[in-house]
Amino acid sequence: NCKVVDGLSSVNLGATSQSTTAAASSTAAATTTAAASTGAAATSTAAATTAAAAATSTASATTAAATTSAAAATSAADDAITTRVKGYIDAGTCSSVSANTNCGSGATSYYKSFTYNGKNVIISSQVPDHPAENDPLVSNPNTRCERWQYVVLPTDPTKASTGVATRLGTTGLAVTGGAFFNDLSSPSGDLALFNEGASLDSCLGHSAPGGAYHYHANINCTNAGAASGSTNPDTCLLIGYMMDGVPMYGFCKDSSGVQFKSCYKLTATASTGTVETSSGTYSNIGRTQSDYEYDSAAFTAGSCQLDEGNGAIHPTTGKYSYFATVDYPYVPIFYYGNEGKKTECSAA
């Protein structure tokens, strides 16, 4: 039901036309008969000169046309949103992000990632490009609204020696136009899947107050827009970027062909329960963050592959990346990018 806006707009380049006018003078007809042969030779020479000039002019016009075509092929016009964001970046402008009044089925989905000044710039309206909020088991009083924003990220972040815990709110931007939140539903440590699971749509997303549509796990629905295929570990689909610039993938296998598995486990004193969502039933899951702990021994033994941030080296790119998992925490809950978390700014 969302209207999707393409990240690029077309551009019509007006063709430049050139014409060369050659003027030739002819001798008066009243020349003497004796000079006829000389006149013919002169005319022949003039014709040759004119032909050579015409050939040069044609070659010149062809070269100009080729140059124009090459320029058109190597440059694409920015849409109005991209132009505005580049202006904000150049001016050092970063205003706070807020929702506008375009909400629900009237909201426009937008996502674009491009390199500018050596950085990975992402623009998002925080509205997904797939059916959303259409099938939760329990109605959510909030609905998605456009929240135009951009973030300037490092293009090739590496893993830092320590991680920083994510907080409530946007932790990453999805290729669908939506956003990622972490595992929490409150500052006190209550977990979102257990407490909010029934209000999630089949993509495991819903909106917070203020219209901020977000996912708490992998984008789990079949029709997931640009993230379709994220549940296939053989595809290992890029589904977004965390706010530290580290790329995030859906389900994925490591270089040995084993699906990446979280190293978190329930504590001995965990309080657990079962929750029904439109995406499926989750049994024996923790209710609060304190119900889980990171299992370093399992990581060392190789029975799980991800660090505390749900990160590892990507089997194909060789880059440090985050991965969505079937089990807790489902999405990254620590930032490990060496340049730290970046701030989202208004693109409105």
Participant: Which atoms form the tightest heavy-atom contact between S262 and T325, and what is the distance?
Facilitator: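 Residues S262 and T325, closest heavy atoms: N-CG2, 3.8 Å.
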
Participant: Of all heavy-atom pairs between L306 and A312, which one has the smallest distance, and what is that distance?
Facilitator: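 Closest approach of L306 to A312: CD2-CB, 3.7 Å.
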
Participant: Step by step, would you call N310 with M248 a side chain to side chain contact (heavy atoms under 4.5 Å, CB included)?
Facilitator: CA-CA 10 Å; N310 255 27; M248 182 177 170; over 6 Å; no

Participant: Using every non-hydrogen atom in the two residues, find where N218 and G250 come nearest and quote the distance to one decimal.
Facilitator: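 Distance-wise, the nearest heavy atoms are OD1-CA, 3.7 Å.
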
Participant: Please test Q126 against T170 for side chain to side chain contact (heavy atoms under 4.5 Å, CB included), starting from the C-alpha separation and ending with a verdict.
Facilitator: CA-CA 10 Å; Q126 205 164 337; T170 298; 3.9 Å; yes

Participant: Which heavy-atom pair separates R167 from T171 by the least distance, and what is that distance?
Facilitator: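 Result for this residue pair: O-CG2, 3.7 Å.
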
Participant: Other than V326, which residues form its hydrophobic cluster under the rule that side-chain heavy atoms must be closer than 4.5 Å?
Facilitator: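 Noted: V326 shares its cluster with F251.
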
Participant: Show the nearest heavy-atom pair for residues A348 and S346, with the distance to one decimal.
Facilitator: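 Of all heavy-atom pairs spanning A348 and S346, the closest is N-OG, 3.2 Å.
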
Participant: F181 vs H214 aromatic rings, parallel, tilted or perpendicular, using cut-offs 30° and 60°?
Facilitator: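 Aromatic pair F181/H214 classed parallel.
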
Participant: Would you check if there is a donor-acceptor pair between the side chains of Y292 and D327 at a distance under 3.5 Å?
Facilitator: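 Judged by distance alone, the side chains do not pair up.
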
Participant: Decide yes or no on ring-ring contact (aromatic ring centres under 6.0 Å, His included) for F260 and F323, but give the supporting numbers first.
Facilitator: CA-CA 7 Å; F260 281 118; F323 301 92; 4.3 Å; yes

Participant: Test of understanding: with salt bridge (charged side-chain N to carboxylate O under 4.0 Å, His left out), list the residues that count as partners of K261, not counting sequence neighbours.
Facilitator: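 Testing K261 for salt bridge (charged side-chain N to carboxylate O under 4.0 Å, His left out), a comparison that skips the adjacent residues, returns none.
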
Participant: Answer with yes or no whether the side chains of D201 and S278 bring together a donor and an acceptor at under 3.5 Å.
Facilitator: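 No, D201 and S278 have no side-chain donor paired with an acceptor closer than 3.5 Å.
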
Participant: Under a 4.5 Å side-chain heavy-atom rule over Ile, Leu, Val, Met, Phe, Trp and Tyr, are V151 and V164 clustered together?
Facilitator: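 No, separate clusters.
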
Participant: Does a donor on one side chain and an acceptor on the other come within less than 3.5 Å for D291 and S271?
Facilitator: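 There is no such pair between these side chains.
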
Participant: Would you check if there is a donor-acceptor pair between the side chains of E276 and T281 at a distance under 3.5 Å?
Facilitator: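 A pair is found: one side chain offers a donor N or O, the other an acceptor, under 3.5 Å apart.
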
Participant: Would you say the side chains of D79 and Y110 form a donor-acceptor pair under 3.5 Å?
Facilitator: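 Looking only at side-chain atoms, Y110 and D79 do form a donor-acceptor pair, the distance falling under 3.5 Å.
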
Participant: Checking S186 against D190: is there a side-chain donor and acceptor pair closer than 3.5 Å?
Facilitator: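 Side chains of D190 and S186: pair found under 3.5 Å.
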
Participant: So, taking the atom named NE2 in H314 and the one named NZ in K319, what distance separates them when rounded to the nearest 0.5 Å?
Facilitator: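 The NE2 atom of H314 sits 12.0 Å away from the NZ atom of K319.
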
Participant: Starting from the C-alpha separation in whole Å, work towards a yes-or-no answer on side chain to side chain contact (heavy atoms under 4.5 Å, CB included) for Y328 and Q289.
Facilitator: CA-CA 10 Å; Y328 180 84; Q289 201 173 54; 3.4 Å; yes

Participant: Does the plane of the ring in Y336 sit parallel, tilted or perpendicular to the ring in F334? Use 30° and 60° as the thresholds.
Facilitator: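 Because their plane-to-plane angle lies in the 30° to 60° range, the rings of Y336 and F334 count as tilted.
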
Participant: Please evaluate residues E339 and D244 with respect to the criterion side chain to side chain contact (heavy atoms under 4.5 Å, CB included), reporting the C-alpha separation (whole Å), side-chain torsions for both, the decisive distance (0.1 Å), and the verdict.
Facilitator: CA-CA 7 Å; E339 293 190 28; D244 58 358; over 6 Å; no

Participant: To the nearest 0.5 Å, tell me how far I123 CD1 sits from Y111 OH.
Facilitator: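 Result: 10.5 Å between the selected atoms.
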
Participant: Aromatic ring centroids of Y320 and Y322 under 6.0 Å?
Facilitator: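 Between Y320 and Y322, the centre distance is under 6.0 Å.
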
Participant: Look up atom CZ in F114 and atom NZ in K86, then write down how far apart they are to the nearest 0.5 Å.
Facilitator: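 Those atoms lie 5.5 Å apart.
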
Participant: State, with a plain yes or no, whether a side-chain heavy atom of L173 is found less than 4.5 Å away from one of Y241.
Facilitator: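 A side-chain contact under 4.5 Å is absent here.
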
Participant: Does the side chain of S290 come under 3.5 Å of the side chain of T288 through a donor N or O and an acceptor N or O?
Facilitator: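 The criterion, which ignores hydrogens and geometry beyond distance, is satisfied for T288 and S290.
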
